[in-house]
Amino acid sequence: MGKQEKGGWCRTIMKIMFSHIGLCGLVALYCAAGGFIFEHLEKSNEEQICYDTYKEYIVMENDSLSKIQQLVEDYEGNPDKSTLKFQLQGILQIYRDNSINIGYDGGNCSAYGLVDGPKYKWSWSGAFFFSVTVISTIGYGHIAPKTFWGRLVCIAYAVLGIPLMLLCLANIGDALADVFRFIYAKIFCCGWCRKKEKTSKVVKIKPTESEPPNWSEKSRIVNNPQNVRREPPSIKDNLDKVDDQRDNGVKVVPLNMKNTGSSVVQRTPPPKNPEYDSESDDDDDDDDIDSSITIPLTVTMVVIGTYIFGGAVLFGLWEGWDTLQSSYFCFITLSTIGFGDVVPGTDFDNPRAHAQLVLGAIYVMFGMAILSMCFTLMQDEIISKCKWIGQKLGLIDKDEDSD
């Protein structure tokens, strides 16, 4: 009994996990857990990197200052200032290139975590956004793990997270596609876009005739223990036989009962089931008709364009980007190209940067689900158009396609 209850609980848990809501919740929990893991692995190392780059920068800065000081002393009293200017430009160019290579941003490393100090890139919101970009295969590259364990965990995290994300997108995309077909058929088209109605096929059942018994005019003698002479069945016997067969679902039509007593047996269809519900069949037919509806490519392109435009307005207000830059970021993100040249929430001095990272991650996940829905609808439309062209060219039989 305990094993059966345990098996039932396991099946229930698996059904919940792989349902639409379960998959979305599982992906959200997976990204949240990734945020905590990568924050713990990389946050302390971020501060250590700041100290290392600061030490390297100080050495390079002191070297550049000493060169400039020596150069000024050498040309003191020299009227040729053009050579001095040329050498100073060379020293400053070397200083600039070394500063870029070192990557020191001038922050106070000892003030990390303080109000006026530099902000952690590997905060929970930043690590959460990084986790979303990893399992969605966007990969901006604006931040990346630097530690040994951070990189090793990133590999394992991506190996498990990418299939989970793809499964969730496929599942949610199909569900959203069914919802969109229903809305398109019921609201936008008002029922006029139904392309094919299902008709029930009527199967005719031919009545079977039994050979009429030939009763002779004479008496028929049957060998029995009493050697009793049996008379031909009377009209009353034939009527009783007809009533019995009618009760068993067999229709008996007497033919020339008066003279020959023969009859023709015809099979009638079974009686109707009183529990038969015609409304349920109508609902099933409506569901089949809605699922057979294909959405035009222009409609799906409008849906994608609307979502990108909405994101462009949203990120334009948050980040101060122009319309083209915001639209460019949304398209590069939803197409999973992810150049990383334009990323929201990178201004960590902004107090709203953490909220923008979280909302940006939510925009990415919902956007990829909507994009998966649009791809499903576009695939159905393209297949339908190819079948229509094949029928027009005679390559596909209409009867076979309808089956």
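The chain is numbered in sequence order, starting from 1.
- In this structure, Lys387 NZ and Lys392 NZ are separated by 16.0 Å, a value rounded to the nearest 0.5 Å.
- Looking at every heavy atom in both residues, Leu176 comes nearest to Ala369 through CD1-O, 4.1 Å.
- Rounding to the nearest 0.5 angstrom, the gap separating the CD atom in Glu42 from the CZ atom in Phe38 is 8.0 Å.
- Judged as a side chain to side chain donor-acceptor pair (under 3.5 Å), and not counting sequence neighbours, His142 has no contacts.
- A 4.5 Å side-chain heavy-atom check between Val27 and Leu23 finds every atom pair outside the cut-off.
- Annotation for Tyr57 and Ser99: closest pair CE1-OG, 3.7 Å, computed over non-hydrogen atoms.
- Looking only at side-chain heavy atoms (C-beta outward), Ser110 and Tyr51 come within less than 4.5 Å of each other.
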* Asked: Where do Phe366 and Ile362 land on the side-chain contact (heavy atoms from CB on, under 4.5 Å) test, with the steps shown first?
  -> CA-CA 6 Å; Phe366 273 99; Ile362 295 174; 3.6 Å; yes
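- Between Cys330 and Gly311, the shortest heavy-atom contact is SG-C, 3.5 Å.
- Judged by distance alone, with hydrogens and angles left aside, the side-chain atoms of Ser326 form no donor-acceptor pair with the main-chain N or O of Thr323 at under 3.5 Å.
- The SG atoms of Cys50 and Cys109 are placed within less than 2.5 angstrom of each other.
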* For Asp322 and Gln325, run side-chain contact (heavy atoms from CB on, under 4.5 Å): C-alpha distance rounded to whole Å, both residues' side-chain angles, the deciding distance at 0.1 Å, then the answer. => CA-CA 5 Å; Asp322 56 18; Gln325 190 175 12; 2.8 Å; yes
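- Put simply, CG on Asp52 and CG on Asn45 are 8.5 Å apart, with the number rounded to the nearest 0.5 Å.
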* Should Val153 and Ile37 be marked as a side-chain contact (heavy atoms from CB on, under 4.5 Å) after you check the CA-CA gap, both sets of side-chain angles, and the distance that decides it? -> CA-CA 9 Å; Val153 170; Ile37 292 172; 3.9 Å; yes
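- Between the OG1 atom in Thr137 and the CD1 atom in Ile162 there is a gap of 6.5 Å [rounded to 0.5 Å].
- Between Gln93 and Asp97, the side chains place no donor N or O within less than 3.5 Å of an acceptor N or O (distance only, hydrogens not considered).
- Met368 CE to Leu334 CG: the interatomic distance, rounded to the nearest 0.5 Å, is 8.0 Å.
- Side-chain contact check for Met373 versus Val303: some heavy-atom pair is nearer than 4.5 Å.
- When Glu39, Glu47, Glu46 are each tested for a side chain to side chain donor-acceptor pair (under 3.5 Å) with Tyr120, only one passes: Glu47.
- The 12-atom threshold is not exceeded at NZ of Lys67, counting heavy atoms of other residues, nucleotides or ligands nearer than 6.0 Å.
- When the shell of 6.0 Å around NZ of Lys121 is examined, it contains 12 or fewer heavy atoms from other residues, nucleotides or ligands.
- Checked by atom type and distance alone, the side chain of Thr300 pairs as donor or acceptor with a backbone atom of Leu297 at under 3.5 Å.
- Closest of all the heavy-atom pairs between Thr294 and Ser384 is CG2-CB, 3.8 Å.
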* Given side-chain contact (heavy atoms from CB on, under 4.5 Å), test Tyr184 with Arg181 step by step and report yes or no. => CA-CA 5 Å; Tyr184 184 78; Arg181 289 191 192 97; 5.7 Å; no
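- Contact record, Val358 with Ser125: CG2-CB, 4.0 Å, taken as the closest heavy-atom pair.
- Met365 has its side chain within reach of Met165: a pair of non-hydrogen atoms, C-beta onward, lies under 4.5 Å apart.
- For Tyr328 and Trp321, the ring centers sit 6.0 Å or farther from each other.
- A side-chain contact (heavy atoms from CB on, under 4.5 Å) with Val302 holds for exactly one of Val299, Ile304, Thr306; it is Thr306.
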* **From CA spacing to verdict: ring-ring contact (aromatic ring centres under 6.0 Å, His included), Phe315, Tyr363** => CA-CA 10 Å; Phe315 288 107; Tyr363 175 83; 5.4 Å; yes
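- In this structure, Tyr140 has its ring center at least 6.0 angstrom away from the ring center of Phe339.
- Ser372 places a side-chain N or O within 3.5 Å of a backbone atom of Leu169 that can act as its donor or acceptor partner.
- For the pair Ile94 and Ser64, the minimum side-chain heavy-atom distance is 4.5 Å or more.
- Residues Arg151 and Pro145 come closest through the heavy atom pair NE-O, 3.0 Å.
- Note: Tyr157 and Tyr30 have parallel aromatic rings, judged against thresholds of 30 and 60 degrees for the angle between ring planes.
- Here the side chains of Asn108 and Tyr54 are not in contact, with every heavy-atom distance at 4.5 Å or above.
- At least one side-chain heavy atom of Val343 sits less than 4.5 Å from a side-chain heavy atom of Thr346.
- Proximity of Ser123 to Phe128: side-chain heavy atoms (C-beta onward) are nowhere separated by under 4.5 Å.
- If you take CD on Gln70 and CD1 on Ile91, they are separated by 10.0 Å, rounding to the nearest 0.5 Å.
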